[in-house]
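Contents: one structure, followed by commentary.
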Amino acid sequence: QVVFALNQTLLQQESLRAGSFQIPYTTEDLVKQYSCGDLTSIIFNQDTSQVPNFINATLPAPEHVTAQEIDTYFRQELIYKRNERMGRRVKDLLEEYPDKTFFFAFGAGHFMGNDTVIDVLRREGYKVEHTPAGQAI
């Protein structure tokens, strides 16, 4: 699986460099959506997340199965479990120090797709609000 993932990553990078493959969004798109608090937009959906995408229609059946297994593993380990850990850490700090004020900052990867850090905290009963750019905290 590691060799397959490495080969697919290199093929994608070569396609990007050659111009035959383009990322469906620009850095400006990411900044705009993040600043607007529109974290559920198409830019942050599961299909365009930062998890490497190894699945494509041209793969032979055995390689397609391998790609699906790797994709599932990456999503589970790099997104869902990581967000659960981060959400639990925030919750634990808030509960351990109820009289303290905290400011938590996360990279955009913690807000992508389903089961984000925000989703974890909301399931725990916390109210989470977006602070738009330029608004005083």
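Starting from 1, each residue takes its place in the sequence as its number.
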Fill in: Phe102-Tyr126 co-clustered via ILVMFWY side chain contacts under 4.5 Å
yes
Practice prompt. Tell me, yes or no, whether the heavy-atom count around Tyr97 atom OH, taken from other residues, nucleotides or ligands under 6.0 Å, exceeds 12.
Written response: no
Worksheet entry | Under the side-chain hydrogen bond (donor to acceptor under 3.5 Å, both in side chains) test, residues paired with Lys100 that sit two or more places apart | none
Item to complete: State which residues pass side-chain contact (heavy atoms from CB on, under 4.5 Å) with Val120; sequence neighbours excluded, sorted by chain then number.
Response: Glu84, Arg123
Item to complete: Working to the nearest 0.5 Å, report the span between CE of Met86 and CG of Leu121.
Response: 10.0 Å
Worksheet item: Near Tyr73 OH, under 6.0 Å, is it more than 12 heavy atoms from other residues, nucleotides or ligands?
Response: no
Worksheet item: Has Gln135 got more than 12 heavy atoms of other residues, nucleotides or ligands less than 6.0 Å from its CD?
Response: yes
Fill in: Approximate separation, where rounding is to 0.5 Å, of Gln76 CD and Thr72 OG1
8.5 Å
Worksheet item: Do Asp115 side-chain atoms and Tyr80 backbone N/O form a donor-acceptor pair below 3.5 Å?
Response: no
Show every donor-acceptor pair shorter than 3.5 Å between a side-chain atom in residues 87-94 and any protein atom, with sequence neighbours excluded, or say none if there are none.
{"unit_1": "Lys91", "atom_1": "NZ", "unit_2": "Glu95", "atom_2": "OE1", "d": "3.3"}
{"unit_1": "Lys91", "atom_1": "NZ", "unit_2": "Glu95", "atom_2": "OE2", "d": "3.4"}

